[in-house]
2 protein chains.
Amino acid sequence: MAEAIAFLPPRASVLSRRDNIVTDLARLVPADCLIHEERELAPFETDAFISYRRVPLAVVLPRTTAQVAAVMKYCHRHAIPVVARGAGTSLSGGAIPQEDAVVLGLSKMSRVLEVDYSNRTATVQAGVTNLSISETVGIDGFFYAPDPSSQLACTIGGNIGMNSGGAHCLKYGVTTNNLLGVRMVLVDGTVIELGGKHLDAAGYDLLGLVCGSEGQLGIVTEATVRLIAKPEGARPVLFGFDSSEEAGACVADIIGSGIIPVAIEFMDKPAIEICEAFAKAGYPLDVAALLIVEVEGSEAEMDATLKDIVEIARRHQVKTVRECQSATEAALIWKGRKSAFGATGRIADYICMDGTVPLGKLSYVLEKTAEIVERFGLRVANVFHAGDGNMHPLILFNANDPEEAMKAEEAGNEILKLCVDAGGCLTGEHGVGIEKRDLMRHQFTQPELDQQMAIRSAFDEQWILNPSKVFPLEGRR
Amino acid sequence: MAEAIAFLPPRASVLSRRDNIVTDLARLVPADCLIHEERELAPFETDAFISYRRVPLAVVLPRTTAQVAAVMKYCHRHAIPVVARGAGTSLSGGAIPQEDAVVLGLSKMSRVLEVDYSNRTATVQAGVTNLSISETVGIDGFFYAPDPSSQLACTIGGNIGMNSGGAHCLKYGVTTNNLLGVRMVLVDGTVIELGGKHLDAAGYDLLGLVCGSEGQLGIVTEATVRLIAKPEGARPVLFGFDSSEEAGACVADIIGSGIIPVAIEFMDKPAIEICEAFAKAGYPLDVAALLIVEVEGSEAEMDATLKDIVEIARRHQVKTVRECQSATEAALIWKGRKSAFGATGRIADYICMDGTVPLGKLSYVLEKTAEIVERFGLRVANVFHAGDGNMHPLILFNANDPEEAMKAEEAGNEILKLCVDAGGCLTGEHGVGIEKRDLMRHQFTQPELDQQMAIRSAFDEQWILNPSKVFPLEGRR
């Protein structure tokens, strides 16, 4: 496949010392924590973004913060690029390595270290999966709120790197709103602590800065996250509309009224069909757009909130309103939504955009997105977190056709520019990674980019941490 | 009064050019936006921290972002310190100027620029008072959540500088959780935009970094904040206990159960007496500690939540439970709490500490605080945001007795160290300012401080923005 996105050329000085580097790394981590045979490196050559791939120099999978620190100290001294990796589920190519990089995988650091209900916190290692936190505390009536679709696989470290979201983040916020502290290894191997179990932190908010910094400011090895009590009950309700415009306007009116459901998810007709075929969730097939609105609380609270939402939906000519009747049905509704990407992958290759727009612009951006994709002769399915204005157009294409692949990327870029021009932003929850790196100029002025790059340099003067990502290759400091 | 806290020595190169600087500033802002006569400078010589004071070189009160940019560009070129100022209500000395500094006051930039309900945002100039945002949108059923006790006077710009909180932040979060975007003038006069009306932002979270950076990274001139719909109803309830220990343990158990009231405020006996004498709020005078717990929602929701809270309180031998019976009574209860600092000021001078501790440590820290203050022969009143673990011991002293003032500061320092040692933090919502600057070493290791200072330098290489604050004077980069 043709490559629209450039990588940094590998450093010859590093490649030529490959064998020495491997020998040195073998002294820093146990034998089962180092991968360097070519065929064993293959699983680390890409992530969940489209088919860009690079075989890294080596992979280390440390078990302790001390091992991470030793590896960083070594790589820093020898100016060897380091790409941190959780489960490799990044949709923006954030975990794609480069030929001269050591991949630092956190998968072996997967223990829940402490659960503290009196402070409603869990302290975990960075390689813990998102879902396993909620599984650990579920028996006691708590959960960890951000819920990416990949939550079965993705790690909290990756979530922190990308400031990940999920369907239920409308009410509870994304990763940064649920993160209280981290232990982090700086580029030179120094270990620092940011935040903790307490509110606020003296000095600058480095914790917030690190969240979403895509592995460029240091390697997070432990995290303290907020636990939330499970609601008394939760109920997803389906609202079907005859047009995407009415569905979009309905979302803006719900939020504008001040109601904050737990989730408002949007599917257009292609997405409904794809998800229904896969999950048999009972989505209505005779509508042009579907909202899944979840409310929670006591039965009385849910009834009251739903009454207000239904009233707003009626003003937008809602065609179908279907409350789910059982826990099984609710689970199916969410299964259909959360497997949307996988279900789409069964019928076509796709790239998933991740722009965010002000809610008043939802309908407009949906309409323009359809126009853009049509102009490129491609198809699109929209399934996204509407309450947050976080759009996910899935552009369908055939990856075996290089020309079509290129068109899909071009259409994606136009859609993201559209989001920015509508007062929105390139990302919602997937990060910039390599995917949107070259679009950063569309979002930011040069002084704005300069300021971000100055921060990066203040953490990593040599730019060895995940170097191909986030900032356009041209005009770096 | 003796000065326990050192200021940076004024730059002779700046002082000697005072008249020229004033002449130059007069070209950059209209005549009514520049103050330079000694007697007119007096109101700007201190803030709401204890009696440290310095008369600044001059005060500019710009009306536009362009004027702020012109002043910054000039001061940057000539290495003149600049201290940003909102309403001067800082409790940590964040707005205390220095003799060689231009105070950049935002008070004339006090307009609400836009209210956008479909995105639930308000965009305001930095000099708008906190309360006036809620007043503007109140008629439409919305409010701005963070509510510092000084909300009638304090500005959103100051709130952003200090990441301010308030009694109702337990549920809705502090400033950083309610801030969506800013327009900011960098040290060299460049104007940048951070965030906006959309969720998330591409690249690093500079918005989060700026929030709480105490005027050291740039001058915020406009802000876009989150609006929240007013609840159907709200009800403060008084819980009286025979000991601070039981009250503290009750707070930890409420939070540990997963319930999140809108507010849990704590008053010990001295605070109850002081506030009751002032506000006649009907606080019980026969208890050792009082919690004001506010719940909100429909009547049924409030009843259900309160039932659970009362049950927990009974396990802690609650002596008095009093639900308020009317809106008037509710207003009085909050008036008593919110005027605690003013009411204390009627009977003694005081300094207000602002440490934050994990909830499991509330009782322990209260007990140790009492011991510390007693050892110094002083009195203390505790009135604070217990649900957040954000303690506010008010140390009472006589400011006309230099020795007693020094003791009060020393006792305060010991209390803040106690908070850190208990796994907490130097600040909750008042910032570091000049007050806690020299305690930063107790909270942070040298690499942690170095990393923060590197960030500061990446924004302000000459360290001209609010230079005496946040970082210990020794060992700066």
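Here is how names work: the chains are called A, B, and so on, in the same order as the sequence lines, proteins then strands, and each is numbered from 1.
- No side-chain heavy atom of A/C211 sits less than 4.5 Å from a side-chain heavy atom of B/D205.
- The shortest distance between side-chain heavy atoms of B/D421 and B/H442 falls below 4.5 Å.
- In this structure, no portion of A/E232 lies under 4.5 Å from any heavy atom of chain B.
- The most heavy-atom pairs under 4.5 Å with chain B, out of A/G428, A/A304, A/P447, A/A252, come from A/G428.
- Proximity to chain B involves both the backbone and the side chain of A/L359, based on heavy atoms less than 4.5 angstrom apart.
- Options A/K197, A/H385, A/M440 differ in how many heavy-atom pairs under 4.5 Å they form with chain B, and the most are formed by A/M440.
- The environment of NZ in B/K230 is crowded: more than 12 heavy-atom neighbours from other residues, nucleotides or ligands sit within 6.0 Å.
- Under the rule for a side chain to side chain contact (heavy atoms under 4.5 Å, CB included), the partners of B/E214 that lie at least two apart in sequence or sit in another chain are B/M162, B/V432, B/V470.
- A heavy-atom distance below 4.5 Å is not found between the side chains of B/K436 and B/Q443.
- In this structure, chain A has no heavy atom under 4.5 Å from any part of B/L207.
- Using a 4.5 Å cut-off between heavy atoms, B/S257 touches chain A through its backbone atoms (N, CA, C, O) alone.
- Of the atoms belonging to B/Y204, heavy atoms from both backbone and side chain fall under 4.5 Å from chain A.
- With a 4.5 Å cut-off on non-hydrogen atoms, A/R437 does not touch chain B at all.
- If you measure heavy-atom distances from B/I255 to chain A, the contacts under 4.5 Å come from both the backbone and the side chain.
- Only the side chain of A/L217 comes within contact range of chain B, judged by heavy atoms closer than 4.5 Å.
- Nearest approach of A/A202 to B/F444, heavy atoms of both residues: O-CZ, 3.2 Å.
- By number of non-hydrogen pairs under 4.5 angstrom with chain B, the leading residue of A/K469, A/R456, A/E429, A/K361 is A/R456.
- Atom CD of A/E114 has more than 12 heavy atoms from other residues, nucleotides or ligands within 6.0 Å.
- A/V115 has its side chain within reach of A/L227: a pair of non-hydrogen atoms, C-beta onward, lies under 4.5 Å apart.
- Between chain A and the options B/G165, B/G203, B/G212, the largest number of non-hydrogen pairs under 4.5 Å is found for B/G203.
- When side chains are defined from C-beta on, A/N178 counts as touching A/I228, because their heavy atoms get closer than 4.5 Å.
- Looking at B/E448, the atoms closer than 4.5 Å to chain A (heavy atoms on both sides) sit in the backbone and in the side chain alike.
- A/A454 approaches B/A458 most closely through the heavy-atom pair O-CB, 3.7 Å.
- Side-chain contact check for A/Q216 and A/S213: no donor-acceptor pair (N or O, by modelled atom type) lies under 3.5 Å.
- Interface check for chain A: of the options B/G256, B/G297, B/G360, the most heavy-atom pairs under 4.5 Å are formed by B/G256.
- Contact tally against chain B (heavy-atom pairs below 4.5 Å) for A/D388, A/T190, A/T176: the top residue is A/D388.
- For B/F459, the parts lying under 4.5 angstrom from a heavy atom of chain A are both the backbone and the side chain.
- Using a 4.5 Å cut-off between heavy atoms, B/I260 contacts chain A through its side chain alone, with no backbone atom that close.
- Using cut-offs of 30° and 60° for the angle between ring planes, the A/H430 and A/H392 rings count as parallel.
- Comparing B/C425, B/G258, B/A229, B/G208 by heavy-atom pairs within less than 4.5 Å of chain A, the highest count is held by B/C425.
- Your options are A/G195, A/G423, A/P358, and the one with the most heavy-atom pairs under 4.5 Å with chain B is A/P358.
- The pair B/D303-B/K307 fails the salt-bridge criterion, with no side-chain N (NZ, NE, NH1 or NH2) lying under 4.0 Å from an Asp/Glu carboxylate O.
- Proximity to chain A (any heavy atom under 4.5 Å) is shown, for B/S298, by neither the backbone nor the side chain.
- Annotation: maximal heavy-atom pairing with chain A below 4.5 Å, among B/T445, B/D253, B/T356, occurs at B/T356.
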